[in-house]
Amino acid sequence: MIHKGLDNVYIKESKICFIDGEASKLFYRGYAIDELASYSTFEETAYLLIYGWLPTASQLKQFKDHLESSRPLEPGVLNLIRKFPTGSDPMDVLRTAVSALGVYDLQAMTDDISLRIEKGLRILAKVPTIIAAFDRLRNGNEPIPPAGHLAHAAEFLYMLTGKEPDAHDTHVMDVALILHAEHEMNASTFSCTVTASTLADMYSIITSGIGTLRGPLHGGANEAALKTVLEVGDPSRAESYVANALAHKERIMGFGHRVYKTWDPRYVILKKFAEELAVKKDQKLLFDTAVAIETSARKHLEGTPIFPNVDSYSGIVFHMLGIQTDLFTPIFAMSRIAGWLAHAIEYLQFNRLIRPKALYVGTTGLSYKPIGSRSGKLEE
Ligand SMILES: CC(C)(COP(=O)(O)OP(=O)(O)OC[C@H]1O[C@@H](n2cnc3c(N)ncnc32)[C@H](O)[C@@H]1OP(=O)(O)O)[C@@H](O)C(=O)NCCC(=O)NCCS
């Protein structure tokens, strides 16, 4: 039996993430996502995902200190980023730079789980620095080294802009990172798990995940959702846009999900932030247009399990924070590394090389032909 897309195939038991797509629930290690969004920070959540429990004050301090000391880039990696064409896609830059981090770690290969985690945290710490450095260089600015005293989300915004973000922007970014940190066995997490199963190093594992997230069927839907809202431009045009799109069998970006058959719980949280930012950043028209599209889409899709997902407002939130559109997927990676790391480590505890099968439906027994007598097309 072939399981196209591996639909409904379980590859391991896991204690990391549970999604109840019928009840609009998402849990990381047993904690509901709305509780984590309300009370946790990205650092605490990353710790929870990777180690399995919420850290004590001293565990959290050690974790944050480790991230802080790992944030600066090796000069070799920064020089490499300087050489990339300014028109490069930031996901290509990120994939290559993370791979390069492995070149500078001469002990990249290790079987020791705690050393593996340490290397994973090194990557987690450096990814915001990589993204921000490239963004500044392509805009003709010098990269800004990490401030050192800021939290993960604030450090990223600081390295991007050179200004320490206010508490509200920091909180929004922090929660956005929490919401994207983990989502069970999605394509990029599976990709990381496959690479981990070969006992490859952490840099190869995370590079696989970034490569998989690069595709438009995985990362990228929030960019498309934002583009739609910007193009529609005004709430008065939302109804005709939605009616026309659905009449032409087009998809409304930021709607629908393979697992959620009701509201994506992350959407609820991000919509609230988008509303707050709309007032704060004078972006009410953008927010009202998004809401009008959502309202029309829900009206037309009534009776179907197609509801807004995380991407319906995440791009809008990042846009209102002043972040360029092509950084949305790198930010997704920056956060999801926590989940990738957690799953790779969990899988390695009971490792079995992942090696599925392909059902052969081709020909056998062809006789080898000299170059002059080949047809140049497929032989049946
Ligand atoms: C995410 C997604 C791929 C999940 O799809 P899925 O559960 O595999 O569902 P399918 O692609 O099989 O679609 C099932 C039906 O719902 C419709 N549908 C799914 N998402 C839709 C959307 N966003 N807008 C309009 N119709 C949609 C499909 O056209 C299909 O209709 P049909 O049966 O009449 O052909 C899909 O909802 C989608 O493309 N959404 C838009 C992109 C997006 O927001 N992605 C981010 C996901 S987090």
Side-chain angles (χ1 to χ4, degrees), residues 3-9 17-26 28 33 37 91 175-191 209 212-232 238-271 273-274 289-319 325-326 328-336 339-340:
H3 295 277
K4 212 170 168 217
L6 299 184
D7 287 11
N8 296 319
V9 173
C17 178
F18 177 63
I19 307 168
D20 184 342
E22 305 291 334
S24 183
K25 294 275 182 222
L26 167 63
Y28 293 172
I33 194 70
M91 277 300 272
V175 174
L177 293 182
I178 292 175
L179 299 181
H180 288 86
E182 166 55 19
H183 217 225
E184 207 228 44
M185 199 42 67
N186 54 84
S188 56
T189 302
F190 178 60
S191 189
T212 306
L213 188 64
R214 172 84 167 88
L217 293 185
H218 195 355
N222 57 3
E223 277 188 41
L226 171 66
K227 195 163 158 260
T228 302
V229 180
L230 290 170
E231 276 169 13
V232 171
E239 171 58 24
S240 60
Y241 160 74
V242 170
N244 189 46
L246 292 177
H248 288 88
K249 289 258 164 221
E250 286 169 21
R251 293 184 177 212
I252 311 296
M253 287 296 136
F255 267 71
H257 201 276
R258 183 64 62 79
V259 185
Y260 295 110
K261 298 304 162 199
T262 178
W263 314 105
D264 180 332
R266 301 166 299 175
Y267 138 85
V268 181
I269 299 164
L270 287 165
K271 184 176 177 184
F273 284 143
T289 307
V291 172
I293 293 172
E294 180 194 335
T295 309
S296 291
R298 273 308 302 149
K299 188 182 81 190
H300 285 271
L301 295 169
E302 203 182 337
T304 73
I306 306 166
F307 287 81
N309 61 46
V310 64
D311 291 318
S312 56
Y313 287 93
S314 61
I316 292 170
V317 163
F318 293 141
H319 178 77
T325 312
D326 61 359
F328 297 174
T329 311
I331 291 171
F332 186 167
M334 176 173 138
S335 156
R336 186 56 60 87
W340 291 340

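Note that the coordinates shown come from a computational prediction; the quantities given were computed from them, not determined experimentally. Residue numbers count from 1 along this sequence. Numbering of ligands and ligand atoms starts at 1, following listing order.
In terms of N/O distances under 3.5 Å, ligand 1 is approached by Gly254. In terms of polar-atom proximity, Asp311 is not counted as a contact of ligand 1, lacking any N or O under 3.5 Å from an N or O of the ligand. Remark: ligand 1 and Glu250 share no N or O pair separated by less than 3.5 Å (distance only, no angle test). Considering backbone and side-chain atoms together, Ile252 places an N or O closer than 3.5 Å to an N or O of ligand 1. Considering backbone and side-chain N/O of Phe255, one or more are found under 3.5 Å from N/O of ligand 1.
Note: Tyr267 and Tyr313 have tilted aromatic rings, judged against thresholds of 30 and 60 degrees for the angle between ring planes.
Close approach to Lys261 involves these atoms of ligand 1, each under 4.0 Å from a residue heavy atom: 7 (O). Close approach of ligand 1 to Leu246 (heavy-atom distance below 4.0 Å) involves ligand atoms 25 (C). In summary, the atoms of ligand 1 found under 4.0 Å from a heavy atom of Ala221, numbered by their order in the structure, are 43 (C), 44 (O), 45 (N), 46 (C).
Atom 8 (O) of ligand 1 is approached by the protein to below 4.0 angstrom, counting heavy atoms only. Atom 12 (O) of ligand 1 is never approached by the protein to below 4.0 angstrom, counting heavy atoms only.
Of the protein's heavy atoms, Arg251 NH1, 2.9 Å lies nearest to atom 39 (O) of ligand 1. Nearest non-hydrogen protein atom to atom 32 (P) of ligand 1 is Lys249 NZ, 4.8 Å. At the top of the distance list for atom 16 (O) of ligand 1, counting protein heavy atoms only, stands Ile306 CD1, 3.3 Å. Among all non-hydrogen protein atoms, the one lying nearest atom 47 (C) of ligand 1 is Asn309 ND2, 3.6 Å. Among all protein heavy atoms, the one lying closest to atom 42 (C) of ligand 1 is Met253 SD, 3.6 Å. Here the protein heavy atom with the shortest distance to atom 6 (P) of ligand 1 is Arg258 NE, 3.8 Å.
In summary, Glu231 and Lys227 engage in a salt bridge, as defined by a charged side-chain N under 4.0 Å from a carboxylate O.
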When the side chains of residues 254-261 are checked against the rest of the protein, which donor-acceptor pairs come out under 3.5 Å, sequence neighbours left out?
unit_1	atom_1	unit_2	atom_2	d
His257	ND1	Val259	N	2.9
His257	ND1	Tyr260	N	3.3
Tyr260	OH	His183	NE2	2.9
Lys261	NZ	His257	O	2.5
Lys261	NZ	Arg258	O	3.4

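Taking the side chain as every heavy atom from C-beta outward, Lys25 and Ile19 never approach each other to under 4.5 Å. Between Val310 and His180, the closest side-chain pair of non-hydrogen atoms falls below 4.5 Å.
For the atom pair OG of Ser191 and CE of Met185, the computed distance is 10.5 Å after rounding to the nearest 0.5 Å. Rounding to the nearest 0.5 Å places CG of Leu270 at 5.0 Å from CG of Leu179. Considering CH2 of Trp263 and CG of Asn309, their distance stands at 12.0 Å, rounded to 0.5 Å.
Comparing Pro216, Gly256, Ala224 by heavy-atom distance to atom 37 (O) of ligand 1, the nearest is Gly256.
With hydrogens and angles left out, the side-chain atoms of Ser188 and Thr212 include no donor and acceptor closer than 3.5 Å. With hydrogens and angles left out, the side-chain atoms of Glu239 and Ser296 include a donor and acceptor closer than 3.5 Å.
Contacts of Phe328 classified as ring pair (Phe, Tyr, Trp, His ring centres under 6.0 Å), with partners at least two apart in sequence or in another chain: Phe318.
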